[in-house]
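Here is the structure we will look at, set down as structure tokens.
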Amino acid sequence: MLQLAFIRNNKEEVKQRLTVKNFAELSIVDDLLSFDEERKRLQQQFDSIQARVNSTSKQIGQLMAKGQKDDAENKKQEVASLKSSLQPISDRLSIVEKQLEDALVKLPNLPSDKVPPGKTPADNIVVRAGGVEPQLSANALPHWELIKKYDIVDFETGAKITGSGFPLYKGKGAKLQRALIQYFLDFNIGEGYTEYLPPFMVNEATAYGTGQLPDKEGQMYYMQADNFYMIPTSEVPLTNIYRDEILKEEDLPIRMTAYSPCFRREAGSFGKDVRGLNRVHQFDKVEIVQLVHPERSYEVLEEMVNHVEKLLNTLTLPYRILKLCGGDMSFASALTYDFEVFSAAQQKWLEVSSVSNFESFQTNRMKIRFKDGNGKMQLVHSLNGSALALPRIVACLLENNQTENGIKIPLALQRYFGAESI
RNA sequence: GGAGAGAUGGCAGAGCGGUCUAAUGCGGCGGUCUUGAAAACCGUUGACCCAAAAGGUCCGGGGGUUCGAAUCCCUCUCUCUCCGCCA
């Protein structure tokens with residue numbers, strides 16, 4: 001959520017930057033500021049009347065103590081009439097506060113000035129690429145054929161147990177998942193991230209904190225009986241660890257990593273993109289999250305991009321890094337880099353990681369702050385990235401590494417997988 | 001799931017209708033003393049709204065009673081103890 005004071009002081013800039021993000025309902029900004037004006041006015045009225053109520057009530061106490069019952073009664077009348085004039089103000093105040101809050105949570109984060117203009121994924125900018133594209137034979141198979149050939153992922157039985165998009169990993173397929181998770185976690189820990197294993201369901205306040213609510217409500221699985229949401233990514237519980245906390249400046253940066261399954265309803269997505277492991281409702285991911293000093297967040301973003309790139313390089317898959325244009329960015333992000341790997345049999349780039357700086361958008365909701373050297377309260381900046389999401393890595397790895405003698409496992413992974421090939 | 005107890009400032013913990021502007025201790029910060037440090041002593045020390053002052057709000061969340069609520073009532077959440085169930 002944007003900081004109200006910033007919107008107040010930079011109205012035109014806010015509108016202009018929202019346009020970069022393809023956000024059209026600019027009238028919300030004007031509405032919001034008029035709610036804010038009214039709120040301030042009502043609050044002042046309320047406070048001054050409340051001050052009289054407080055002091056008069058105090059006098060009543062003193063009069064009672066002295067036994068001056070009649071005078072006390074008069075004062076009681078006075079307070080009663082003050083309070084009745086307070087009621088409509090406080091009613092109106094809570095309405096206006098609600099309207100202000102509703103407007104505020106509708107505004108996406110402002111894109112940083114480094115964000116390229118553009119409306120669709122076609123406008124994203126390729127920052128760099130790496131790895132080597134394999135030369136596959138003409139009869140190379142897409143991963144959804146390979147998983148059947150080697151009997152390592154069973155979508156049909158997954159659908160029988162739960163529904164479509166819930167893969168059942170089997171044998172070497174299951175072990176490959178475990179190996180990747182373990183490898184990614186160890187890699188992240190080696191770079192100074194602290195490992196967590198968070199709850200996979202979260203409450204409403206947590207889902208709100210990272211911006212899933214109210215924006216993406218329909219994308220999460222929801223458990224009505226307990227009012228819990230299945231996490232769409234471990235970013236949600238991880239970032240919320242420090243919700244409502246005031247940190248010490250020397251605690252920063254906080255670097256966290258976690259494995260979790262991720263649950264996404266993917267409502268509204270359809271078509272050929274969803275074949276095989278390209279898009280599923282439950283998948284495994286290892287996430288990295290950082291809470292940092294606001295002056296350092298863009299530096300840290302680059303550091304995290306380099307971290308993910310290094311990890312990807314060890315898997316020897318062909319990849320490219322995209323800087324997302326305004327129109328393709330998520331609601332909460334100020335700047336995002338996407339990582340894609342090239343799935344050679346599908347001849348398609350698949351997103352495997354998204355690394356973003358949220359600046360103070362999430363931490364303003366969560367009130368994660370620190371006291372700076374001058375004793376001033378400041379919001380920390382939050383960042384996160386996948387390191388990495390598994391299914392598309394697996395898809396790419398299966399397709400790109402297929403040989404007549406099976407599927408080659410990248411060297412870095414062999415120690416975890418316990419074999420050189422499938 | 002049942003019974004009971006509880007939730008107060010960074011932490012511990014008192015307060016149980018008006019003097020709460022929340023005691024006290026610990027911790028933090030500053031100072032005195034010291035070559036320096038420790039100890040001792042002195043001072044200081046929360047967040048939010050408001051441009052700021054004044055003022056207001058915050059004693060787990062929400063609601064109520066009252067002229068007045070940290071304090072009484074209702075409700076929710078969480079924690080602890082005991083019982084039950086359980087991988």
Side-chain angles (χ1 to χ4, degrees), chain A residues 1-11 32-104 197-209 213 223-229 237 240-252 254 291 360 363-380:
Chain A
M1 162 167 90
L2 298 175
Q3 289 171 264
L4 186 54
F6 183 84
I7 303 175
R8 221 183 265 149
N9 300 327
N10 305 276
K11 180 174 157 184
L32 185 147
L33 290 174
S34 74
F35 295 142
D36 184 44
E37 282 304 317
E38 188 177 358
R39 190 196 108 255
K40 281 199 283 194
R41 209 182 63 238
L42 290 166
Q43 187 71 57
Q44 276 165 8
Q45 280 179 31
F46 184 91
D47 285 356
S48 66
I49 297 173
Q50 185 66 49
R52 287 172 63 192
V53 169
N54 287 346
S55 68
T56 310
S57 291
K58 209 158 261 179
Q59 290 169 25
I60 293 171
Q62 289 161 359
L63 291 170
M64 297 289 266
K66 287 188 227 158
Q68 295 171 279
K69 287 244 162 115
D70 290 347
D71 291 345
E73 277 309 315
N74 288 337
K75 293 285 184 191
K76 279 192 192 183
Q77 301 264 324
E78 198 182 321
V79 172
S81 86
L82 282 173
K83 288 197 82 172
S84 64
S85 69
L86 217 46
Q87 193 58 45
I89 298 174
S90 86
D91 289 349
R92 180 67 194 156
L93 188 58
S94 47
I95 291 169
V96 174
E97 279 175 343
K98 180 79 168 64
Q99 287 175 319
L100 178 62
E101 177 72 14
D102 287 350
L104 208 47
L197 185 61
F200 299 157
M201 297 181 207
V202 294
N203 60 31
E204 214 177 319
T206 297
Y208 174 81
L213 292 179
M223 248 103 1
Q224 198 166 23
D226 297 284
N227 197 23
F228 292 154
Y229 295 85
N240 272 278
I241 290 171
Y242 291 96
R243 171 155 48 90
D244 293 322
E245 294 204 11
I246 297 169
L247 301 165
K248 295 198 178 74
E249 191 165 6
E250 61 264 30
D251 293 337
L252 303 175
I254 291 170
L291 298 175
S360 61
T363 55
N364 187 32
R365 284 196 182 193
M366 283 184 279
K367 298 285 172 274
I368 307 181
R369 295 168 293 173
F370 73 101
K371 243 181 203 163
D372 66 20
N374 303 319
K376 281 259 185 210
M377 212 55 98
Q378 283 196 54
L379 292 166
V380 306

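Chain letters run A, B, ... following the sequence lines, proteins first and then strands; every chain starts at 1.
- Where RNA chain B meets chain A (any atom under 4.0 Å from a heavy atom), the bounding nucleotides read 5' to 3' are B/G18 to B/G68.
- Remark: A/E250 CD is packed, more than 12 non-hydrogen atoms of other residues, nucleotides or ligands lying under 6.0 Å away.
- Across the P atoms, B/G61 and B/C11 are found 15 Å apart, a figure rounded to whole Å.
- In this structure, B/A14 makes no Watson-Crick or G-U wobble pair, since no nucleotide meets both defining distances under 3.5 angstrom.
- Using P as the reference atom, B/G46 and B/G9 are 14 Å apart when rounded to the nearest Å.
- The ring-ring contact (aromatic ring centres under 6.0 Å, His included) test applied to A/Y242 returns no partner, not counting sequence neighbours.
- At the heavy-atom level, A/K40 lies under 4.0 Å from the strands shown only through sugar-phosphate atoms.
- B/G1: Watson-Crick or G-U partner is B/C83, with both key distances under 3.5 Å.
- When Watson-Crick and G-U wobble pairs are counted only if both distances are under 3.5 Å, B/A40 pairs with B/U32.
- Rounded to the nearest Å, the gap between the P atom of B/A22 and that of B/A70 is 12 Å.
- Residue contacts shown for A/R52 are absent, as no nucleic acid heavy atom lies under 4.0 Å away.
- Formation of a donor-acceptor pair under 3.5 Å by the A/N10 side chain with backbone atoms of A/F6 is found in this model.
- Not one N or O on the side chain of A/T56 forms a donor-acceptor pair closer than 3.5 Å with the backbone of A/V79.
- B/G6 sits 24 Å from B/G10 when the P atoms are compared, rounded to a whole Å.
- Residues A/M377 and A/K76 both approach RNA chain B. Their nearest nucleotides, taken by heavy-atom distance, put A/M377 toward the 5′ side.
- Spacing of P atoms, B/C74 relative to B/U65, comes out at 15 Å, to the nearest Å.
- Atom NZ of A/K98 is surrounded by 12 or fewer heavy atoms from other residues, nucleotides or ligands within 6.0 Å.
- Nucleic acid contact class of A/K371 (heavy atoms, under 4.0 Å, all strands): sugar-phosphate only.
- Nearer to the 5' terminus of RNA chain B, by closest-nucleotide assignment, is the contact made by A/K75 (compared with the other of A/F228 and A/K75).
- Under the salt bridge (Lys or Arg N to Asp or Glu O under 4.0 Å) criterion, A/R92 pairs with A/E38, not counting sequence neighbours.
- Both distances falling under 3.5 Å, in either a Watson-Crick or a G-U wobble arrangement, place B/A7 opposite B/U77.
- Base pairing annotation: B/U21 forms no Watson-Crick or G-U wobble pair, as no partner gives both donor-acceptor distances under 3.5 Å.
- For A/R52, the CZ atom counts as loosely surrounded, since its 6.0 Å shell holds 12 or fewer non-hydrogen atoms of other residues, nucleotides or ligands.
- Rounded to a whole angstrom, the distance from the P atom of B/C59 to that of B/U21 is 13 Å.
- Across all strands shown, B/G27 pairs with B/U45; the Watson-Crick or G-U wobble distances both stay below 3.5 Å.
- Looking at A/S57 and A/N54, their side chains never bring a donor and an acceptor atom within 3.5 Å of each other.
- Across all strands shown, A/A80 has no heavy atoms under 4.0 Å from either base or sugar-phosphate atoms.
- Remark: the separation of the C1' atoms in B/G68 and B/C72 is 13 Å, to the nearest Å.
- Rounded to whole Å, the separation between the P atoms of B/A87 and B/A3 comes to 25 Å.
- Within the 4.0 angstrom heavy-atom criterion, no nucleotide atom of any strand lies near A/R41.
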